[in-house]
Amino acid sequence: QVQVVESGGRLVQAGDSLRLSCAASGRTFSDYALAWFRQAPGKEREFVGGCSWSGVNRAYADSVKGRFTIDRDNVKKTMYLQMNSLKPEDTAVYYCAARESLERTIYTDIARYSYWGQGTQVTVSS
């Protein structure tokens with residue numbers, strides 16, 4: 001099992017940058033694939049980006065490509081979401097998710113992930 005907790009969300013202005021953190025606890029953190037999802041008011045939870053257990057393979061939603069970057073540190077047991085050039089449409093609750101896997105495949109559907117954090121609010125003003 002693994003437990004994940006998000007942090008770093010706050011109110012920012014359009015064009016600003018922000019880094020979110022996902023701190024994890026567990027004996028085998030490196031065996032888990034990680035991903036970020038977000039949910040805006042009135043919308044379904046959507047995939048933002050994901051990272052394989054090795055950190056080599058990464059995938060991003062089209063809406064954030066070129067602006068967001070995912071990194072993970074298996075020693076610190078932390079995954080980061082670096083968000084640049086933020087837009088009002090990025091406003092949402094951001095969730096960290098994990099699944100046990102040694103595969104390189106990055107899944108975008110929420111059903112594939114077994115462990116979830118409580119979310120952190122990111123608000124981008126126009």
Side-chain angles (χ1 to χ4, degrees):
Q1 296 188 113
V2 65
Q3 296 78 45
V4 291
V5 180
E6 310 91 338
S7 63
R10 62 181 178 89
L11 172 65
V12 298
Q13 295 181 330
D16 284 354
S17 295
L18 188 65
R19 189 179 75 164
L20 304 183
S21 297
C22 172
S25 62
R27 298 190 303 168
T28 55
F29 176 78
S30 61
D31 292 341
Y32 290 83
L34 304 173
W36 288 97
F37 290 79
R38 68 185 182 185
Q39 187 167 19
K43 294 186 177 181
E44 298 292 326
R45 190 171 300 185
E46 65 175 357
F47 174 80
V48 176
C51 182
S52 65
W53 69 271
S54 67
V56 175
N57 296 89
R58 292 179 291 275
Y60 302 93
D62 289 340
S63 60
V64 304
K65 286 182 179 178
R67 299 189 298 120
F68 291 10
T69 302
I70 288 177
D71 290 295
R72 68 183 290 171
D73 187 328
N74 288 348
V75 175
K76 296 182 178 180
K77 296 184 178 181
T78 303
M79 175 178 65
Y80 305 97
L81 179 64
Q82 178 65 47
M83 304 182 291
N84 299 322
S85 302
L86 283 164
K87 305 175 181 179
E89 49 262 46
D90 294 319
T91 296
V93 176
Y94 284 71
Y95 298 90
C96 178
R99 65 186 302 273
E100 188 172 8
S101 176
L102 294 177
E103 300 176 316
R104 295 192 301 273
T105 303
I106 300 173
Y107 295 98
T108 62
D109 51 312
I110 61 175
R112 294 280 188 172
Y113 295 85
S114 301
Y115 309 97
W116 294 83
Q118 294 299 305
T120 183
Q121 176 71 48
V122 174
T123 302
V124 184
S125 63
S126 59

Check your understanding: When you measure from the side chain of T123 to the backbone N and O of T91, does any donor-acceptor pair fall under 3.5 Å?
Key -> no
Practice item. Please confirm whether the backbone N or O of K76 pairs with a side-chain atom of T78, one donor and one acceptor, at under 3.5 Å? Key: yes
Review point. Is the number of heavy atoms from other residues, nucleotides or ligands under 6.0 Å of E46 CD greater than 12?
Key: yes
Nearest-0.5 Å distance that lies between atom [atom1] in [X] and atom [atom2] in [Y]:
X: T69; Y: R67; atom1: OG1; atom2: CZ; answer: 10.5 Å
X: S125; Y: Q13; atom1: OG; atom2: CD; answer: 5.0 Å
X: S7; Y: R19; atom1: OG; atom2: CZ; answer: 9.0 Å

Closest non-hydrogen atom pair between [X] and [Y], with its separation:
X: C51; Y: R72; value: SG-CD, 3.4 Å
X: S17; Y: S85; value: OG-N, 4.3 Å
X: L18; Y: G9; value: CD2-CA, 4.4 Å
X: M79; Y: C96; value: CE-SG, 3.5 Å
X: G49; Y: I70; value: C-CD1, 3.1 Å
X: A40; Y: A92; value: N-CB, 3.8 Å

Exercise for review: Go through V12 and M83 one step at a time and tell me if the side-chain contact (heavy atoms from CB on, under 4.5 Å) criterion holds.
Suggested key: CA-CA 11 Å; V12 298; M83 304 182 291; over 6 Å; no
Review point. What pairs with Y115 under ring-ring contact (aromatic ring centres under 6.0 Å, His included), at least two apart in sequence or on another chain?
Key: Y32
Check your understanding: Step by step, would you call V124 with K87 a side-chain contact (heavy atoms from CB on, under 4.5 Å)?
Key -> CA-CA 6 Å; V124 184; K87 305 175 181 179; 5.6 Å; no
Point to revise | Members besides I110 in its Ile/Leu/Val/Met/Phe/Trp/Tyr cluster (side-chain heavy atoms under 4.5 Å) | key: F37, F47, V93, Y95, I106, Y107, Y113, W116
Check your understanding: Is the shortest heavy-atom distance from the side chain of L81 to the side chain of R38 under 4.5 Å?
Key -> no
Practice item. Side-chain contact test, heavy atoms from C-beta onward, threshold under 4.5 Å: evaluate it for Q82 versus D71 and give yes or no. Key: no
Review point. So does K65 pair up with D62, basic N to acidic O under 4.0 Å?
Key: yes
Exercise for review: Apply side-chain contact (heavy atoms from CB on, under 4.5 Å) to the pair L20 and E6, showing each step before the final yes or no.
Suggested key: CA-CA 7 Å; L20 304 183; E6 310 91 338; over 6 Å; no
